[in-house]
Amino acid sequence: MMKYQLKVTRTIKVSLFLLAIMVSCLVLQQFFLRNVDHNSLRIEGFYQEETDSLDVVFIGASDIYTSFMPGRAYEQYGFTSYLLASESITSEGIKTAIKETVRTQHPGMIVVEANAFLYGDSDNDVNEAHIHKFFDNLPMSENKLDYIQNNVPVDQRWEYYFPLIKYHGLWTEYPERLHMIASNLTLDMRGFNYLKGFRTTAHVLQPDKPCLNSKLAEENEELDLDPKLEKRLMDLLDYCDEQKINLMFVRAPHYVTKDTYNRVKRSNKMASIVNSRGYSYYTLENDAQRIGIDEKRDFYNVDHMNVYGAIKFTDYLSEKILYREELKVDPLSDEQKENWSEVVTATNQLYRYCDDIMTHTDATKGAQEDVYTLLKLGDYSGAPIERKD
Amino acid sequence: MKYPNAYSGVKKLFTSEILNIISAVLMFVAVLLALLDGKSKLPDVDSAQFWSLAAFVLLSAATGIAAFIIQIIGLNQARRDEWYFNKALYFVIICMVCTLVMTFTAGTVNSIFAAVDEVFTLLVNIYAILAIFTLAEYLKDTVIQKTGKIMIVVITVLFGIALILQIAAGFVPRKAEILGVIKSGFEVLGYIACMVYFGMSKKMLGQS
């Protein structure tokens with residue numbers, strides 16, 4: 001008499017068991033057995049932004065997420081932005097990031113930092129670590145599937161579908177990983193990112209090579225891009241033409257030495273290509289001195305500016321975006337304004353925190369959206385930063 | 001009456017399903033109003049539209065909470081006569097925990113608990129139907145037994161589709177509101193199916 005009930009309850013028990021395994025794997029993959037770093041926090045934070053709430057999305061590598069401060073741009077110029085960027089992002093990663101931006105936001109402008117196309121060869125585009133740093137943090141979508149199917153060798157695809165397969169061994173790295181796990185959890189529960197992807201290091205570069213930035217304003221020579229990277233740039237421009245995307249390119253300032261001088265020439269070449277297709281390209285690396293970038297103070301290494309440089313770059317580029325590119329800024333609701341007010345406060349606190357370290361200590365400290373850094377920010381004022389230059 | 005506790009309990013489950021339907025319809029109207037306005041953001045606090053939307057949302061929440069409380073009382077009563085109601089009560093408590101976690105979280109944690117809540121809502125209803133099925137076996141009511149089997153399949157399909165739509169909304173953020181509305185539609189159909197079955201069972205138990 002009880003056969004039917006037994007059949008149903010057994011089916012339910014088996015289904016619940018399978019569901020429990022699935023949910024456990026999902027939770028482990030999302031929070032605990034996952035390579036959580038600043039890239040993860042930045043990219044996840046992007047997907048927490050309200051749909052169609054960003055005026056500008058910046059896409060690129062560390063050059064942009066260490067240079068542009070969205071909190072400063074909002075405070076001084078009134079537009080909202082986010083840094084959808086990943087360490088050494090590949091050229092295909094740039095295209096996927098643009099597609100994801102179009103899928104989730106309708107920004108008035110997308111700004112691409114040129115770094116991914118300026119390497120001397122296309123090795124970065126097949127660097128597994130750099131690919132994983134970006135793609136592992138994207139939610140599953142048609143764009144992600146498209147990338148995996150067109151670019152990842154067949155024997156590696158399951159690692160991209162289920163990163164748990166690649167990172168299941170990370171449990172051996174506890175308890176060191178705990179603070180980033182905690183940062184990920186708190187970001188998830190808070191529902192928004194305080195720094196909108198900005199990351200910096202509190203350090204002033206002590207260079208051992210002379211800086212050639214003073215020569216760059218006059219540098220017009222061009223060097224060809226790597227053929228594969230140039231083809232990907234063309235594909236990207238074709239895609240943006242098709243989708244009628246308001247796209248702009250920028251090259252952030254660097255501490256240019258003899259070793260990296262060819263990159264400047266490739267940037268000039270890229271500017272010619274991009275301009276010929278009707279898009280703007282701001283060679284702010286060449287304009288570093290005009291922006292006021294001080295090579296003795298504003299870099300923390302040869303490739304990245306510290307907060308002193310970032311604030312100048314942010315102000316300069318924001319003016320270009322707002323006035324020269326005539327960005328149309330959408331109004332915000334009261335709740336969004338409140339949210340951005342917290343972003344502005346956190347950004348100003350971060351500036352003062354880094355300034356304190358660089359002025360009073362010899363320490364080199366990374367500063368990003370993690371629980372340690374956010375806790376320390378409470379000791380600093382969130383009032384607007386007055387530039388002394 | 002052979003099973004007075006089950007009868008009392010099922011009467012309350014019937015009421016609870018009606019309140020669930022009202023709550024879902026009120027929320028459906030609120031979302032529809034917001035969508036028809038063409039904006040994806042909430043209107044400003046000082047606008048009349050905000051307050052009319054808020055009224056629908058508050059009423060929906062109030063009826064939802066009332067449905068939940070009546071459901072717990074009903075299951076607590078009915079479990080004295082049939083063991084499967086006990087299981088249903090445990091699942092209701094899990095649903096309550098899931099709802100609390102969802103209220104205070106965002107992002108992936110919220111999505112996971114929303115999906116778990118959907119699954120356990122289905123299980124509450126399946127176990128309630130199984131309990132009534134068992135009582136119908138004892139009372140030799142073959143109509144209620146047959147209908148019970150059909151209802152289990154029907155609500156599994158309806159809530160299953162609702163779960164899929166909920167997961168799909170995460171992949172298509174621009175269509176999340178529309179998918180949410182369609183999902184609510186399937187949930188309402190599930191509540192109607194349960195309500196019809198509890199109504200029939202109420203009669204059976206009343207006449208026993």
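This is a predicted model, so every value here is computed, not measured. We name chains A, B, ... by the order of the sequence lines, and we start the count at 1 in each one.
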**Item:** Check against side-chain contact (heavy atoms from CB on, under 4.5 Å), A:Val8 and B:Tyr84
**Value:** CA-CA 12 Å; A:Val8 171; B:Tyr84 282 115; over 6 Å; no
**Asked** Counting only heavy atoms not in A:Lys95, do more than 12 sit closer than 6.0 Å to its NZ atom?
**Response** yes
**Request:** Using a cut-off of 6.0 Å, state whether more than 12 heavy atoms not belonging to A:His179 lie near its atom NE2.
**Result:** yes
**Fill in**
The ring-ring contact (aromatic ring centres under 6.0 Å, His included) partners of A:Tyr194 (sequence neighbours excluded) come to A:Phe192
**Request:** Mind jotting down which residue pairs meet the salt bridge (Lys or Arg N to Asp or Glu O under 4.0 Å) criterion with at least one end in residues 85-106 of chain B? Sequence neighbours excluded, please.
**Result:** none
**Request:** Would you mind telling me which of A:Arg190, A:Met189, A:Glu44 has the largest number of heavy-atom pairs within less than 4.5 Å of chain B?
**Result:** A:Met189
**Message:** Please determine whether the number of non-hydrogen atoms from other residues, nucleotides or ligands lying under 6.0 Å from atom OH of A:Tyr372 exceeds 12.
**Reply:** no
**Asked** Listed by residue number, which members of residues 157-165 of chain B have a heavy atom under 4.5 Å from any heavy atom of chain A?
**Response** none
**Prompt:** Tell me, side chain or backbone of A:Leu19 under 4.5 Å from chain B's heavy atoms, or both, or neither?
**Reply:** side chain
**Message:** What part of A:Thr9 gets within 4.5 angstrom of chain B, counting heavy atoms only: side chain, backbone, both, or neither?
**Reply:** both
**Prompt:** Side chains of B:Phe120 and A:Leu16: does their closest heavy-atom pair fall under 4.5 Å?
**Reply:** yes
**Complete:** So CD1 of A:Ile12 and CD1 of B:Ile126: to nearest 0.5 Å the spacing works out to 4.5 Å
**Message:** Within the supplied structure, the quantity of interest is the number of heavy atoms (other residues, nucleotides, ligands) at a distance under 6.0 Å from A:Tyr167 OH; does it exceed 12?
**Reply:** yes
**Prompt:** Does A:Tyr47 OH have over 12 foreign heavy atoms under 6.0 Å away?
**Reply:** yes
**Prompt:** What residues of residues 137-149 of chain A sit under 4.5 Å from chain B when only non-hydrogen atoms are counted?
**Reply:** A:Met140, A:Ser141
